[in-house]
Amino acid sequence: MARCNQAVVITDADNIIREVNDAYVTMTGFAREEAIGNTPRIGKSDRHDSDFYARMWACLTHDNYWEGEIWDRRRNGEAYPKYLSISRLLDETGSVVNYVAMFEDLSEQKALESELERRMHYDSLTGLANKVLFHNRLEHEFSVAERHKRSVGLVLLNLDRFRKVNESLGYLAGDRLLQAVAVRLADNIRKTDLIARDSESEERSADTISRFGGDQFTFILADLIVPENAAVATRRLLESFQEPYLIDGQELFLSASIGIAIWPHNAKTLDGMMNCVEKALEDAREAGGNAFRFFSETMNQLSSNRFLLESEMRKALSNGGFMLAYQPKVDLATGQISGVEALVRWRREDGRMASPAEFIPIAEETALILPLGEWILETACRDIHALNQRLGREISVAVNLSARQFQYGRVPQLVDRVLAASGLPADLLELEITESMVMRDVIEVIAILQEIRKRGIGLAIDDFGTGYSSLAYLKSFPIRTLKIDRSFVLDIERNPDAANICDITVLLAHKLGMNVVAEGVETVDQLKFLLSIGCETIQGYLISKPLFLAELESFISNHQPIPGLGTTELWPAIPD
Ligand code: C2E
Ligand code: MG
Ligand code: MG
């Protein structure tokens with residue numbers, strides 16, 4: 001019969017067990033008496049679906065033989081892998097006489113395999129990926145990024161003066177230090193959210209950190225939207241060294257040198273990228289350590305500009321460098337100014353005014369948007385409430401929210417605080433969000449939006465038509481206002497498609513109970529058209545450019561409703 005480590009089960013034509021051997025008893029834990037009279041299903045696990053067993057039976061019926069790996073269950077409930085072969089024995093008339101199953105327990109083998117794989121692919125000291133696995137993942141990320149037309153950052157980090165630690169404290173302390181560094185680095189890199197989180201792409205690539213041996217660590221910054229983002233992530237890595245490490249009761253301060261190479265800009269192959277990143281690391285070390293360097297000069301330039309901008313912004317936030325301008329909106333039914341939109345401005349140290357398009361994206365990447373966004377909201381509510389009190393008006397204020405603020409800023413709590421502090425009634429505040437912000441994480445977003453709406457605060461979709469959502473989709477959100485993007489308004493007179501889009505947007509918005517603001521209205525003809533299609537509110541240079549508070553106050557005080565608006569004789573009376 002079979003080798004003694006093979007379990008043997010013999011069943012009859014009805015698949016009832018008639019005999020088992022000792023190895024079966026040892027392996028499965030079922031006693032011979034328990035097994036006999038039962039079917040082999042007593043050892044069935046829930047690891048396979050019914051298709052799996054159907055295929056097995058189809059094969060047995062067709063070939064009189066099946067073999068393969070299968071998970072079964074021991075008597076104590078433990079699932080285990082085994083290698084099973086089943087033969088179907090027929091008599092001379094072709095009727096089934098017996099099934100003979102033989103199997104071998106694979107659990108030990110599997111454990112060994114995974115141990116081997118662990119040893120081959122992971123660093124035993126830190127548990128991080130090793131060089132082999134890292135190279136493997138890196139190549140995978142290159143191919144993912146190629147499909148998504150994105151970049152991949154390769155980061156090589158070397159601890160400064162680590163040899164000194166080893167020499168003075170001994171290798172054991174050195175090992176413990178490396179473990180602590182690994183934990184902190186892994187923690188840190190996972191927190192970065194500079195990497196595209198494409199909910200649609202199933203192959204969302206994970207950032208990977210590895211220990212390359214010695215005191216060198218590597219990172220993959222997968223799926224970078226813009227290569228400069230690598231600098232932001234890397235700066236965070238360096239900052240993680242600011243806290244000392246506690247080893248054997250001693251505080252140790254460490255620093256690191258970091259090289260960065262960007263695929264495919266610096267090199268397209270694995271070897272090429274490794275050469276680039278080593279060269280970049282060398283540059284960082286030559287600079288005296290505690291620094292990072294890109295492989296190419298242009299990238300160094302880009303990242304240092306960005307860094308300067310970021311630190312100047314931080315300063316501006318604490319010493320009044322940011323200001324708010326307010327752009328009036330006119331209610332077309334009354335011709336009166338009904339609200340304003342707050343638009344942030346930054347007076348740079350050299351006196352130049354920077355536009356939000358230049359600095360909001362950087363504020364977003366560096367999380368500066370959170371304090372900046374709070375300042376904007378507080379200032380806007382305070383300013384407009386004070387203005388209303390002085391003028392005896394009920395002007396509303398719209399504030400733009402950025403995606404990151406929306407994701408991390410705990411907006412409902414923030415508005416509660418700000419409204420209470422400023423005294424502005426909730427229904428005079430409107431928050432502008434973009435289509436792409438509501439397209440993410442739909443369930444969570446709806447919950448936040450509902451929280452906001454519950455308070456009586458208005459929600460507007462900004463730049464409507466430029467995102468990839470549809471009105472039908474947006475109807476499940478508690479949106480009060482749609483702002484037709486400037487690009488459509490701009491084209492109203494030249495391009496019938498743009499005019500049509502405006503027309504249909506207004507129609508649909510009204511069906512869904514939303515009102516419409518047209519942005520960027522510059523000409524009387526645009527205004528006439530917008531009136532004719534039933535748009536409620538306009539905003540744009542035709543009314544006014546964004547104004548600082550004092551100018552706004554006198555603008556509102558002196559504003560005369562556009563002649564013809566607010567009467568039954570609507571637009572024909574508007575002068576050209
Ligand atoms: P947005 O929210 O769509 O703001 C409207 C932009 O159009 C403003 O540019 C405004 O000055 C400009 N604009 C208004 N009327 C006209 C017009 O008739 N013609 C033309 N050509 N332009 C007009 P701005 O102030 O440069 O802001 C640009 C974008 O920056 C804003 O677009 C908004 O997305 C963002 N932004 C502005 N302020 C803030 C803020 O406080 N927080 C956040 N998160 N983003 C802001
Ligand atoms: Mg806006
Ligand atoms: Mg807009």
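In listed order, ligands and their atoms are each counted from 1.
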Contact between L224 and V152 at the side-chain level, heavy atoms closer than 4.5 Å - yes or no? no
Give a yes or no on whether a salt bridge exists between E243 and R184, defined as a side-chain N under 4.0 angstrom from a carboxylate O. no
Hey, are the side chains of I376 and L324 touching, using non-hydrogen atoms and a 4.5 Å cut-off? yes
Is it the side chain (CB and beyond), the backbone, both or neither of Q539 that lies under 4.0 Å from ligand 1, heavy atoms counted? neither
Hey, is T434 touching ligand 1 through its side chain, its backbone, both or neither, going by heavy atoms under 4.0 Å? neither
Nearest non-hydrogen protein atom to atom 16 (C) of ligand 1, with distance, is Y541 CE2, 3.3 Å
Is D462 close enough that one of its N/O/S atoms sits under 2.8 Å from the Mg ion (ligand 2)? yes
Polar contact flag for E519 and ligand 1 (N/O pairs, less than 3.5 Å): yes
So, R137 and E141, do they make that salt bridge, N to O below 4.0 Å? no
Measure the distance from atom 3 (O) of ligand 1 to every protein heavy atom, then report the residue, atom name and distance (to 0.1 Å) of the closest one. D463 OD1, 3.0 Å
The protein heavy atom nearest to atom 46 (C) of ligand 1 is N400 CB, 3.8 Å
Shortest-distance N/O/S atom, E341 versus the Mg ion (ligand 2): OE2
Counting only heavy atoms closer than 4.0 Å, does ligand 1 sit against the backbone of V344, its side chain, both, or neither? both
From atom 44 (N) of ligand 1, is the closest protein heavy-atom distance below 4.0 Å? yes
Structural part of E341 in contact with ligand 1, heavy atom criterion under 4.0 angstrom: side chain
Is the charged tip of R348 near the ring of F359: under 6.0 Å from the six-membered ring centre and within 45° of its axis? no
Do Q327 and Q539 pair up side chain to side chain, a donor and an acceptor below 3.5 Å, judged on atom types alone? yes
Would you mind telling me if ligand 1 is within reach of the side chain of P546, the backbone, both or neither, using heavy atoms under 4.0 Å? side chain
Nearest non-hydrogen protein atom, atom 10 (C) of ligand 1: L343 CD1, 3.8 Å
Taking 4.0 angstrom as the limit and counting only heavy atoms of E522, give me the atoms of ligand 1 inside it, by number and element. 17 (C), 18 (O), 19 (N), 20 (C), 21 (N)
I need the atoms of ligand 1 closer than 4.0 Å to a non-hydrogen atom of G540, numbered in the order shown. 15 (N), 18 (O)
Below 30° counts as parallel, above 60° as perpendicular, anything between as tilted: where do the rings of F292 and F294 land? perpendicular
Option of least heavy-atom distance to atom 30 (O) of ligand 1 (set: G520, P356, A518): P356
I'd like to know if the side chain of S402 pairs up with that of E364 as donor and acceptor (distance under 3.5 Å, no hydrogens or angles considered). yes
Under 4.0 Å between a Lys/Arg side-chain N and an Asp/Glu carboxylate O for E536 and K329? no
Do NZ/NE/NH1/NH2 and the carboxylate oxygens of E239 and R235 come within less than 4.0 Å? no
How about D463 and T434: does a side-chain donor come under 3.5 Å of a side-chain acceptor? no
Here the N/O/S atom of E432 closest to the Mg ion (ligand 2) would be OE1
Taking the side chain as every heavy atom from C-beta outward, state whether I362 and L368 have any pair of such atoms under 4.5 Å apart. no
Using a 4.0 Å heavy-atom cut-off, which part of R486 comes near ligand 1: side chain, backbone, both, or neither? side chain
Can E358 and R352 be counted as an ion pair, charged N to O under 4.0 angstrom? yes
Looking from the Mg ion (ligand 3), what is the angle between OD1 on D463 and OE2 on E519, to the nearest 10°? 120°
Please confirm whether K545 comes under 4.0 Å of ligand 1, counting heavy atoms of the residue only. no
For ligand 1, which atoms sit closer than 4.0 Å to a heavy atom of I376? 40 (C), 41 (O), 42 (N)
Report the part of D462 in contact with ligand 1, treating N, CA, C, O as backbone and CB onward as side chain, heavy atoms under 4.0 Å; options are side chain, backbone, both, neither. side chain
Please report which non-hydrogen protein atom sits nearest to atom 15 (N) of ligand 1, along with the residue it belongs to and the distance in Å to one decimal place. Q327 NE2, 2.9 Å
Is there a donor in the side chain of T523 and an acceptor in the side chain of E493, or the other way round, less than 3.5 Å apart? yes
